[in-house]
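Structure first, then comments.
Read the numbers this way: they start at 1 and go in the same order the structure lists the ligands and their atoms.
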Amino acid sequence: MITVQYAARSDRWESQEAPLRDAFAAAGLEVDLRRDHAPETVDYVIYAPNGDLQDFTPYTRCKAVLSLWAGVEKIANNQTLTMPLCRMVDPGLTAGMVEWVCGHVLRYHLDIDRSIHTQDRWQPRVPPLAEERPVTVLGLGALGQACANMLATLGFPVTGWSRSPKSLEGISCRHGSEGLQQALRDAEIVVLLLPDTAATENTLNRETLAMLPRGARLINPGRGPLIDDDALLAALDSGQIGHATLDVFRIEPLPADHPYWAHPNVTVTPHIAAETRSITAARVIAENIRRGEASEPFLHQVDRNLGY
Ligand code: NDP
Ligand code: OXD
């Protein structure tokens, strides 16, 4: 019997327990899934950063910690974590992110706000075609690639930026610090899908925001620290950035007195761009436990040195 501790928030247990049990059964795994195993008896921990578990020291025989979240910045530097850490790459979460990103890109591209706010006038203004609107996606991982591919399918000329070099059909790929300027200089819409690491903090700052064409729009479903907030507010006020849609923040919930709430050129969404979906995510967890038991390499293992 494999012992699995569910250490994510207890209010998610209700929606996740049955899908996990089904996925374990479908994978042929005999699992004792509980929330109250003695730590020293646990083979795998299912983790979420908003749960209570912080100290992994008592989990002496644990073979892996399996995160239900894609972003692992709250656990990647945890010194008590000595076992492999796997992040979530879930087809359901990815589909949600693609829908959310494409929806917000199309809001900007089609100037949907103008239609909503000019209901009293007949003032035709035809938007350009997608092929005339360069979009850049910062981060070409599981989520960035899926969004870049869908945006390219819609017709946008898409540039992507990553740490290591990539070659992706239909996407102009740039990498490294020298590639960032090339990725930004023509971008009318920028989507941030980078992880929060020491190397990505303030990727968009005063200097890099100034590389964008005037009036560029930003969409950040990545993490708050990717953007220097003061630099963004200054760029919004000067018109260098035309509008920003922000889903993630350095402090969440976003404090009531934060200037983003009241800024006329900012849309705040409350960290809802994409959520782990119970059924598809349970299959990923089960597959990783199957791999662990078969001594096969885990899927989506975090590189603790890189922090993602
Ligand atoms: P991945 O780890 O699959 O991809 C990360 C991408 O970022 C990779 O392309 C990586 O480059 C690139 N990258 C990392 N560091 C750097 C750097 N220093 N310079 C340039 N590029 C860099 O992550 P996912 O796509 O799965 O997720 C991205 C982020 O989305 C998550 O970390 C999380 O913060 C956020 N997220 C937000 C959600 C929401 O609801 N708002 C939901 C889920 C995730 P390379 O390919 O070379 O390694
Ligand atoms: C995640 C998130 O990282 O929801 O999964 O932000």
Side-chain angles (χ1 to χ4, degrees), residues 8-9 12 16 46-51 66-76 85-101 103-104 136-150 158-168 171 173-184 190-205 208 219-227 245-250 252-254 267-278 280-281 284-285 299-308:
R9 247 173 40 185
R12 300 304 305 272
Q16 287 176 337
I46 299 176
Y47 166 88
N50 51 9
L66 307 173
S67 176
L68 287 169
W69 284 46
V72 288
E73 70 280 357
K74 291 213 171 74
I75 184 178
L85 167 67
C86 302
R87 50 185 219 92
M88 180 51 66
V89 176
D90 157 29
L93 181 147
T94 303
M97 186 62 84
V98 169
E99 290 175 19
W100 189 89
V101 164
H104 286 279
T136 284
V137 180
L138 301 179
L140 284 175
L143 299 175
Q145 269 190 45
C147 292
N149 286 337
M150 186 59 84
V158 180
T159 299
W161 182 67
S162 53
R163 185 183 51 80
S164 55
K166 294 205 187 309
S167 167
L168 302 173
I171 315 289
C173 295
R174 310 283 183 209
H175 71 278
S177 44
E178 67 291 350
L180 184 59
Q181 180 163 17
Q182 298 163 323
L184 294 180
V190 178
V191 179
L192 288 104
L193 276 167
L194 296 161
D196 173 9
T197 68
T200 61
E201 183 167 13
N202 294 332
T203 295
L204 290 187
N205 53 39
T208 51
I219 301 174
N220 184 16
R223 283 294 184 259
L226 302 176
I227 299 180
T245 296
L246 309 173
D247 183 58
V248 283
F249 306 91
R250 283 168 199 263
E252 293 182 6
L254 184 66
T267 296
V268 169
T269 59
H271 200 143
I272 47 76
E275 192 172 69
T276 296
R277 305 288 162 155
S278 300
T280 43
V284 179
I285 299 278
L299 295 172
H300 321 307
Q301 191 170 336
V302 172
D303 180 328
R304 304 284 300 283
N305 292 322
L306 293 173
Y308 71 98

*Looking only at distance, does A70 have an N or O less than 3.5 Å from an N or O of ligand 2?*
yes
_Within the structure, is a non-hydrogen atom of R87 found at a distance of less than 4.0 Å from ligand 2?_
no
*Does some non-hydrogen atom of L194 fall short of 4.0 Å from ligand 1?*
yes
*Numbering the atoms of ligand 1 from 1, which are under 4.0 Å from a heavy atom of A70?*
43 (C), 44 (C)
_Please determine whether any non-hydrogen atom of R223 lies less than 4.0 Å from an atom of ligand 2._
yes
_N/O separation below 3.5 Å, G71 to ligand 2_ = yes
*Show which atoms of ligand 1 fall inside a sub-4.0 Å distance from at least one heavy-atom site of G139.*
6 (C), 7 (O), 9 (O)
*asked:* Give me the atom names and distance for the closest heavy-atom approach of T197 to G307.
replied: CG2-O, 3.7 Å
*Nitrogen or oxygen atoms of V89 and ligand 1 under 3.5 Å apart*: no
*K166 near ligand 1, heavy-atom distance under 4.0 Å?*
yes
*R87 N/O under 3.5 Å from ligand 1 N/O*: yes
*Given that the side chain starts at C-beta and the backbone is N, CA, C, O, which of these parts of L143 lies under 4.0 Å from ligand 1, counting heavy atoms, or is it both or neither?*
both
*Does ligand 1 have an atom that lies less than 4.0 angstrom from a heavy atom of M97?*
yes
_Nearest-contact summary for atom 6 (O) of ligand 2 - protein heavy atom, Å_ = H271 NE2, 2.6 Å
*asked:* Which residue and atom name correspond to the protein heavy atom nearest atom 47 (O) of ligand 1, and how close is it?
replied: S164 OG, 2.4 Å
*Could you establish whether T197 and ligand 1 come within less than 4.0 Å of each other, counting only heavy atoms on the residue side?*
no
*Please state whether D247 comes within less than 4.0 angstrom of ligand 1, counting heavy atoms only.*
yes
*atom 48 (O) of ligand 1: which protein heavy atom is closest, and how many Å away?*
Y308 OH, 2.5 Å
*Which residue from L246, T269, L140 reaches closest to atom 9 (O) of ligand 1 through any of its heavy atoms?*
L140
